[in-house]
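Presented below is the structure to which this report refers.
What you see below is based on every heavy atom in this structure, not just the backbone, and it leaves out hydrogens, waters and symmetry mates.
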Amino acid sequence: MTKKNELSDIWSEMVGEKGDLVERSESYARWTIPAIMLPDGRQESEAGYEADKGSVEIGAPVVNHLANRIVDVLFPVSRPFFTVRMTDDTQIALDQTVEEEQAGALREAVHTAMRKIENRAMNGMNLAAYRPMAIEVSKHLAVTGNSLIRVKKDNTRVQYGVNRYGVRRDATGKVIEVMLFDKKRLEAFDEKSQKLIKEVHFSMKPDDVLDLHTHYKLKDGKWLVRQEADGVSLQNDTKVSEKDFDLIVLVWSLAPGENYGRGLVEDMAVAFHKLDVLGEAEMEFLAILTDLKFLVRPGSVLSKGIADLNRSRRGSYHVGVEGDISVPDMGKRTDVQVLRSTIQDSEATVKEAFLMTSVRDAERVTAEEIRMVANQLESTFGGLYSRLSIQWQQPEAERALEASQWRKLVDDADMYEIVVTTGLESLSREGQIDNLRLAIGDMQMLEAVPEEIRAGFHPTRFAKFVAANRSVDVKDIMKTEAEIQAEQEAAMAQAGRMEQQAAGAKAQGAVAEAAGKKAVEGGGQ
């Protein structure tokens with residue numbers, strides 16, 4: 001049984017371990033999307049509160065752009081982001097025990113069956129509902145460097161910002177302890193929990209809000225899960241395997257020895273701070289320039305009736321001479337152009353960092369552009385693509401397939417593995433296509449070889465030699481010797497049948513010609 005306030009104390013320790021992370025995250029959110037990290041623990045839905053949005057105009061657009069690009073690459077709507085395929089050991093055993101033609105046919109049958117399983121799992125995952133949450137997660141990662149996804153029992157997802165959870169890692173960076181912080185009304189708890197809470201807080205009303213702490217700790221390969229509401233243990237301790245762990249803890253980048261990640265906005269903090277200062281200065285400058293004042297010449301007829309002049313309607317007539325009213329020269333009006341030019345230079349730097357200049361502005365982009373973004377995510381952000389593939393896509397792929405009960409549809413599930421196909425695996429496949437394209441180009445070199453020498457080349461062996469040196473595995477796309485021989489025999493048989501048909505037609509023609517000639521001769525007699 002959890003001791004009173006034990007989890008509350010752990011949460012306080014974890015909050016202290018964050019240092020100034022939450023305060024820094026609030027500043028980064030102020031420059032970009034304030035709702036990501038509202039100050040003073042305020043909730044997004046709190047009525048009558050509007051967060052300070054800072055003076056960085058480009059902040060929200062670049063974060064939204066990058067978040068959408070990340071989700072487009074990680075969770076494409078046009079195809080599954082994972083595949084189920086035979087393990088390497090299974091494929092080796094298959095090649096050793098089955099004839100080459102049969103092995104190819106079996107691979108094709110397995111591929112067709114697995115595609116059905118993948119589509120079934122994707123339908124169950126419902127990307128239409130998943131993507132908005134995924135975009136929100138990506139925003140948090142870019143701005144604060146941290147985000148957490150909790151998978152609820154009804155298979156929906158809840159996103160947590162870094163101010164609502166704490167985490168501890170071991171020396172290798174693996175998560176070993178997590179604490180979630182929520183606020184929940186008393187009436188939202190089940191009856192058993194309400195009874196436990198009222199035994200300690202007997203004066204609580206149904207609409208009173210409690211602090212709910214949910215604690216996860218990894219021990220001996222199992223996650224021990226405990227909950228506490230306002231210092232009261234809910235006595236619902238459970239143990240779950242690592243496979244059934246319902247949290248996905250994500251970081252943008254993680255330095256050795258740290259529990260929390262750092263985001264792209266922090267990397268670009270100097271540029272954002274500069275834009276914030278310059279943006280505020282520009283607004284003040286423009287406010288001064290647009291605050292027009294008029295001068296009235298002393299001694300003029302108008303000087304005695306300025307109040308009446310201010311109250312008069314537009315287009316009214318007044319007695320006076322030219323020069324009675326003038327506008328003061330502000331002098332430095334052109335300096336605002338210099339300020340605007342400086343801001344634009346800094347905005348261009350930020351846009352480039354957030355890949356906003358990499359892909360054309362359009363509602364739909366080509367597959368080549370998506371591939372380019374995928375490559376940039378991997379190279380520009382120091383392996384971000386690989387990290388999210390392992391930390392985010394792989395668990396979601398396994399969870400989607402388990403929910404589809406795919407193991408019941410195959411004879412031996414251990415013969416297969418779940419592989420994410422939009423991370424490095426996807427880049428590798430695209431690289432194989434490029435290599436194949438180069439190999440085909442190399443094969444055309446054979447045309448430049450003198451005919452008497454080319455006659456000594458074995459076409460299939462030459463093609464395999466070129467493919468091997470371009471790192472292309474052609475065993476699944478090239479015909480086997482048996483298939484080539486079978487096709488040759490079939491072609492020869494077809495040619496023989498055609499010759500027989502031609503000979504038969506010729507014989508019939510000769511007979512018909514002879515019969516016709518005889519008929520003519522008979523008629524002449």
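To the nearest 0.5 Å, atom CD1 of residue I197 and atom CZ of residue F202 are 15.0 Å apart.
Using a 4.0 Å cut-off between charged side-chain N and carboxylate O, D182 and R164 make a salt bridge. With salt bridges taken as basic N to acidic carboxylate O contacts below 4.0 Å, one links D324 and R297. A salt bridge is defined here as a Lys NZ or Arg NE, NH1 or NH2 lying under 4.0 Å from an Asp or Glu carboxylate O, and R169 with E177 fails to meet this definition. R24 and D20 are joined by a salt bridge, as a carboxylate oxygen and a charged side-chain nitrogen come within less than 4.0 angstrom of each other. Salt bridge status for K205 with D208: absent, with no side-chain N to carboxylate O gap under 4.0 Å. With respect to the salt-bridge test (charged N to carboxylate O, under 4.0 angstrom), the residues K274 and D345 do not qualify. Between K152 and D246, none of the side-chain N atoms (NZ, or NE/NH1/NH2) sits under 4.0 Å from a carboxylate O, so this pair counts as no salt bridge. Salt bridge absent: E136 and R157 never bring a charged side-chain N and a carboxylate O closer than 4.0 Å.
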Please assess D211 against K183 for the test salt bridge (Lys or Arg N to Asp or Glu O under 4.0 Å), listing each intermediate value before the final yes or no. CA-CA 5 Å; D211 290 344; K183 288 185 175 293; 2.8 Å; yes
Might you work through the side chain to side chain donor-acceptor pair (under 3.5 Å) test for H140 and S138, ending with a clear yes or no? CA-CA 5 Å; H140 277 258; S138 299; over 6 Å; no
Does the salt bridge (Lys or Arg N to Asp or Glu O under 4.0 Å) test come out yes or no for E17 and R168, once each step is laid out? CA-CA 9 Å; E17 292 168 2; R168 286 170 177 162; 2.8 Å; yes
Dump the intermediate steps for ring-ring contact (aromatic ring centres under 6.0 Å, His included) on H213 and F181, then the final yes or no. CA-CA 5 Å; H213 298 91; F181 175 75; 5.3 Å; yes
Just do the salt bridge (Lys or Arg N to Asp or Glu O under 4.0 Å) check on K174 and E242 with the steps written out, would you? CA-CA 12 Å; K174 180 180 179 180; E242 292 192 69; 3.3 Å; yes
Please test S147 against Q159 for side chain to side chain donor-acceptor pair (under 3.5 Å), starting from the C-alpha separation and ending with a verdict. CA-CA 7 Å; S147 188; Q159 188 274 336; 2.9 Å; yes
Would R399 and D244 satisfy salt bridge (Lys or Arg N to Asp or Glu O under 4.0 Å), going step by step from the backbone distance to the final call? CA-CA 9 Å; R399 189 171 281 110; D244 297 324; over 6 Å; no
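Side-chain contact between P61 and K351: absent, with no pair of heavy atoms (C-beta onward) separated by less than 4.5 Å. Side-chain contact between E417 and R85 is present, with at least one heavy-atom pair separated by less than 4.5 Å. Within the 4.5 Å cutoff, the side chain of S404 has heavy atoms near those of the L401 side chain.
Between the side chains of S203 and H201, not a single donor N or O lies within less than 3.5 Å of an accepting N or O. For the residue pair Y130 / E396, a side-chain donor-acceptor distance below 3.5 Å is found, with atom types taken as modelled. For T144 and N146, the side-chain atoms include no donor-acceptor pair closer than 3.5 Å. Looking only at atom types and distance, the side chain of D190 has a donor-acceptor partner in the side chain of S193 under 3.5 Å away. In summary, the side chains of S8 and E228 do present a donor paired with an acceptor at a separation below 3.5 Å, with no hydrogens or angles considered. Side-chain atoms of E118 and T83 include a donor-acceptor pair closer than 3.5 Å.
The backbone N or O of V167 lies less than 3.5 Å from a partner atom in the side chain of Y260, making a donor-acceptor pair. No side-chain donor-acceptor contact under 3.5 Å links R226 to the backbone of T214.
The environment of K184 atom NZ is dense: over 12 non-hydrogen atoms of other residues, nucleotides or ligands sit within 6.0 angstrom. Counting non-hydrogen atoms of neighbouring residues, nucleotides and ligands closer than 6.0 angstrom, the CD atom of E57 reaches no more than 12 such neighbours. By the neighbour-count criterion of 12 heavy atoms within 6.0 Å, atom CD of E191 is sparsely surrounded, having that number or fewer from other residues, nucleotides or ligands.
Of all the heavy atoms in R150 and Y160, the pair that sits closest is NH1-OH, 3.5 Å. Nearest heavy atoms, R185 versus L210: C-CD1, 4.3 Å.
Note: F245 and Y216 meet the aromatic proximity criterion, with ring centroids under 6.0 Å apart. Annotation: F81 is in aromatic contact with F75 [ring centroid separation under 6.0 Å].
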